[in-house]
Amino acid sequence: MPLRALAIDFNSFFASVEQQERPELRGRPVGIVPVLAETTGCIAISIEAKQLGLKRNMRIADARKICPDLRLVEARPETYIHYHRRLVELIESCVHVTQVQSIDEVTCELKGRWAEPARAVVLARQMKEKIQREAGPCLRSSIGIAPNWLLAKVASDMQKPDGLVVLDDADLPGKLLHLAPEDIAGIGPNMQRRLAEHGIATMAQLYAATQAEFRGLWRGIRGEQMWRLLHGENLPPFEQEKDKTIGHGHVLPPQLRNETDALAVLHRLLQKAAMRLRDSGLYAGALHVSVRYRDDTHWGDELRLTETQDTLALTHALNQLWARRPKSHARRAPLQVGIMLTNLLRGEAHTPDLFELPREKTRDRLFSAVDLLNKTFGKNSVYFGGAHGATKYAPMRIAFTRIPKPELEEIDRARARRLKPAKPVADAPTEDQTTGAD
Ligand SMILES: [Mg+2]
């Protein structure tokens, strides 16, 4: 099969740019920090620092123990963006860039004779040379060449720094067997857990799974696409899930028709939506909040976000939106509240926030742990403070747009069995709405 894709990944990009700009940093362990403070962590480290065993996101104090002469440099986002643009131009002058994956990573399409392995390798060497000549010798890159963009990305991660790896049909899956499933773009912590639940923990096991099994694991067509890509077929990059939203709404029972409780219910709905977001492997680019009042007036507002699946980031966004509500609304009794996560993006298309602080990165693990606790021990075993007092008020509803996943819903089965049905509260609307699609 022809080699249709080339992926290029810049090694230790931020630190390499700093070394290019400041010759006194060259050849030395360098850490890039968001602010110059001992309590922070490095958002990026130089190749030399990696070779000494330092890891990205390590706390400064720990990094200094391993490497006392680590040079800390405060991040200069504009400089990195400037370099990024220049590099994309240089790459484009060699071969067509089909996708900018992130600030230090792009994929290109190989057409015609460039799809022949020997020529593709020549092209990759020329690109590396051109980049070092025109952007600077510190800008080293790892290039992967493969039958499609996904495998090219995998190949670009296989040799660092300054790598050049070709994956051909005959190399599948042999050359990948030393990798783990999570080394594949798009297999994040949630997917990794789902694979493990199905007995897939190694690359060999992943390759042994059938297309139908992939479809089940990914809950849809994306699974088939992943399977076909992993087996070398050339498919276009995954599209963004533009039209999809994840939303929950709730009609408030009479005792909760006040400001404080309405906000608590909104937080609970948000936490539930965030859990579904993570479970679907999606990131949200905007949060919409709405309130309908008893006098039939309505308020709604939206906030654009740096794409996230982080409950705390979403919680802050909700509080911000709530604070933007006109003051006069405080006197009205809220009747129905709703939240909606929109501008959803698949994990594979997600570009990590450039200047995401290390502690936000570790929060991914925290949320995976929280989701797992809630799935294992029943809903709301663990929840965030904003929803306190409102955890009972977002029961499972089945809307025709979505089949709920019981483990993500509000039913604690053991408790449900013990309890008799509650006496309906007079005047309490029973209608509820849940929107969204997986
Ligand atoms: Mg990189």
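Indexing begins at 1, ligand by ligand and atom by atom, following the structure's order. Being a predicted model, the structure only gives us computed values, none of them experimental.
- Distances shorter than 2.8 Å separate the Mg ion (ligand 1) from the protein N/O/S atoms Asp9 OD1, Phe10 O, Asp104 OD2.
- Using the six-membered ring where Trp is involved, Trp218 and Phe214 have ring planes that are parallel, under 30° apart on the 30 and 60° scheme.
- Aromatic ring orientation, Phe14 versus Tyr80: parallel (interplanar angle below 30°, classes split at 30° and 60°).
- Figure legend: cation-pi geometry between Arg140 and Phe10 absent, as NZ or CZ is not positioned both under 6.0 Å from the six-membered ring centre and within 45° of its axis.
- Residue pairs satisfying the salt bridge (charged side-chain N to carboxylate O under 4.0 Å, His left out) criterion with at least one member in residues 20-33, sequence neighbours excluded, are listed as follows: Arg22-Glu24.
- No side-chain donor from either of Gln225 and Arg228 sits under 3.5 Å from a side-chain acceptor of the other.
- The number of heavy-atom neighbours closer than 6.0 Å to NE2 of His329, taken from other residues, nucleotides and ligands shown, is above 12.
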